[in-house]
Every structure is written in structure tokens, then in C-alpha cells.
Amino acid sequence: MKHDVYTSFQTHCLSVETLINVPFFDVDSMGVTWHGHYLKYFELGRCDLLKKIDYTYQQMKASNYIWPIVDLRIKYIKSARFDQVLKVITELVEYEHRLKLSYKIVDVDGELLTKATTIQMAVDMMTGETLFCSPEILIEKVKAYYAAQ
């Protein structure tokens, strides 16, 4: 999917774009990005999205919740290579009962290389109990973001 097509969709959702230049230490001897490193790229996008709604990992901890990933799905379409500039497009899909994010990694021409989703569930740090509804703080942060738009 070309980036300019995706931009028009972004006006209706909460998303961020994170640029990554594939470093040498992320590739194998053939210059291809090792599949496990894509998880780091998703994490960078996730952190940027959390900053955008003002609910970073530090704020999650301060509000007594941790958010472990409970589900991860990846579709590799085309390999990224050493020194290639990538754009990670991270989009909020669900937030009321769990935090579901989708990711697209595209090259500078907008060619889709990888897509993925992650699901995170809130866990009360004091009790260790998994919550099946998102804590009010996350819902307030997302609503505040949308209200400001």
C-alpha cells in the first residue's frame, strides 16, 4: 500500500509513523533483516503511539498497570535489507477491553514489507490479576486525544 493512500485513512484513526534505518547488526550474512528484529521495530512504533496519547510505559507503571503482549501475529511479505529506510505505521485498533495495535512496515516507496498485530492486556501490578476491560486511565487518555483533534 502506498503511503499517500494510507495518509487519507489516518484522519479517521489514531496512528503514528516511525522511521527506521535497518542497522548492520540486524541483518544476516546475506544482508537480509533477521525476522526477530521486526519485533523491535514494532516496539518503537508502539512507544511512539503511546507517547502520542500521553500514556507511556512509565505512566502505565505509575498507574499500577503492566501491559504484557498476549498475542502477536506477523505476516512477512518482503525482506528488509541492510541500510534500507523503513516506515513503521502503527495504528490503534481497539482499546476498551484490550490494547490492540496494527503495524505496517513499508519502504520509502510505500511498498508493504510486513504487517502485524499485537494484543496487550492490562494486569493489576498489586494483585497480578488480568483485567478484561481496560483501566479507566487508558480510556481517558484515548478520549482526550480524540477530543483534541
Side-chain angles (χ1 to χ4, degrees), residues 1-23 26-27 32-81 84-125 127-149:
M1 180 181 292
K2 294 279 187 204
H3 169 63
D4 54 341
V5 174
Y6 190 79
T7 302
S8 63
F9 179 68
Q10 287 180 358
T11 59
H12 304 297
C13 65
L14 196 156
S15 66
V16 296
E17 296 180 354
T18 305
L19 292 178
I20 295 169
N21 192 337
V22 177
D26 279 2
V27 300
V32 174
T33 303
W34 177 66
H35 68 278
H37 289 301
Y38 289 83
L39 303 179
K40 294 188 303 188
Y41 306 158
F42 302 147
E43 180 68 32
L44 292 168
R46 184 168 43 252
C47 286
D48 285 349
L49 187 131
L50 292 171
K51 283 180 198 171
K52 192 170 188 173
I53 63 170
D54 192 33
Y55 194 48
T56 63
Y57 284 128
Q58 294 89 343
Q59 290 166 302
M60 288 176 177
K61 184 178 178 182
S63 65
N64 290 316
Y65 297 105
I66 57 174
W67 291 80
I69 291 177
V70 297
D71 188 70
L72 165 68
R73 297 171 193 256
I74 302 173
K75 174 71 174 173
Y76 298 99
I77 299 163
K78 186 175 180 183
S79 297
R81 302 213 172 253
Q84 186 174 14
V85 178
L86 307 177
K87 185 183 301 180
V88 180
I89 302 165
T90 308
E91 179 182 313
L92 178 66
V93 177
E94 296 177 31
Y95 66 93
E96 292 173 326
H97 298 286
R98 58 193 186 166
L99 188 58
K100 183 176 182 180
L101 303 178
S102 71
Y103 310 86
K104 290 182 178 151
I105 297 180
V106 299
D107 66 13
V108 292
D109 296 323
E111 183 175 7
L112 183 62
L113 304 180
T114 306
K115 58 185 180 177
T117 59
T118 57
I119 295 175
Q120 294 169 259
M121 299 287 291
V123 174
D124 184 303
M125 288 177 57
T127 66
E129 180 181 347
T130 299
L131 306 178
F132 294 99
C133 286
S134 292
E136 192 60 35
I137 188 165
L138 174 66
I139 294 169
E140 289 171 4
K141 295 284 188 177
V142 173
K143 286 182 178 179
Y145 170 82
Y146 282 125
Q149 297 309 301

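This structure is a prediction, so every number in the text was calculated from the model and none was measured. Sequence positions, counted from 1, serve as the residue numbers for this chain.
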Answer yes or no: is there a side-chain heavy-atom contact under 4.5 Å between L99 and L92? yes
Is there a side-chain contact between V70 and R98 in this structure, where contact means two heavy atoms from C-beta onward sitting under 4.5 Å apart? no
Can you measure from [atom1] ([X]) to [atom2] ([Y]) and round to the nearest 0.5 angstrom?
X	Y	atom1	atom2	value
L86	T33	CG	OG1	6.5 Å
T114	I77	OG1	CD1	6.5 Å
F42	T117	CZ	OG1	9.0 Å
I69	I119	CD1	CD1	10.5 Å
M121	L131	CE	CG	7.5 Å
L14	T90	CG	OG1	10.5 Å

Sequence neighbours left out, what passes ring pair (Phe, Tyr, Trp, His ring centres under 6.0 Å) with Y38? Give chain and number order. Y41, Y76
Under the ring pair (Phe, Tyr, Trp, His ring centres under 6.0 Å) test, residues paired with H97 that sit two or more places apart: none
Apply salt bridge (charged side-chain N to carboxylate O under 4.0 Å, His left out) to K40 and D26, showing your working. CA-CA 10 Å; K40 294 188 303 188; D26 279 2; 2.7 Å; yes
For T56, is there any backbone N or O sitting under 3.5 Å from a side-chain donor or acceptor partner on Q59? yes
Any side-chain to backbone donor/acceptor pair from D109 onto E111? Under 3.5 Å, distance only. no
With a cut-off of 6.0 Å (strictly less than), are more than 12 heavy atoms of other residues, nucleotides or ligands near NZ of K52? yes
Not counting sequence neighbours, list each pair that qualifies as a side-chain hydrogen bond (donor to acceptor under 3.5 Å, both in side chains) and has a residue in residues 65-75. D71-R73
Testing the basics here: between R81 and V22, what is the closest heavy-atom pair and its distance to 0.1 Å? O-CB, 3.3 Å
Side-chain atoms of residues 43-50: list all donor-acceptor pairs with protein atoms under 3.5 Å, sequence neighbours left out, distances to 0.1 Å.
from	atom 1	to	atom 2	distance (Å)
E43	OE1	R46	NE	3.2
E43	OE1	R46	NH2	2.2
E43	OE2	Y57	OH	3.1
R46	NE	Y57	OH	3.1
R46	NH1	Y103	OH	2.6
D48	OD2	T18	OG1	2.6

Going by the rule salt bridge (Lys or Arg N to Asp or Glu O under 4.0 Å), which residues pair with K100 if we only count those two or more places apart in sequence or in a different chain? none
Output a table of donor-acceptor pairs, distance under 3.5 Å, between side-chain atoms of residues 135-143 and any protein atom two or more places apart or on a different chain; print 'none' if there are none.
from	atom 1	to	atom 2	distance (Å)
K141	NZ	D54	O	2.9
K141	NZ	D54	OD2	3.1

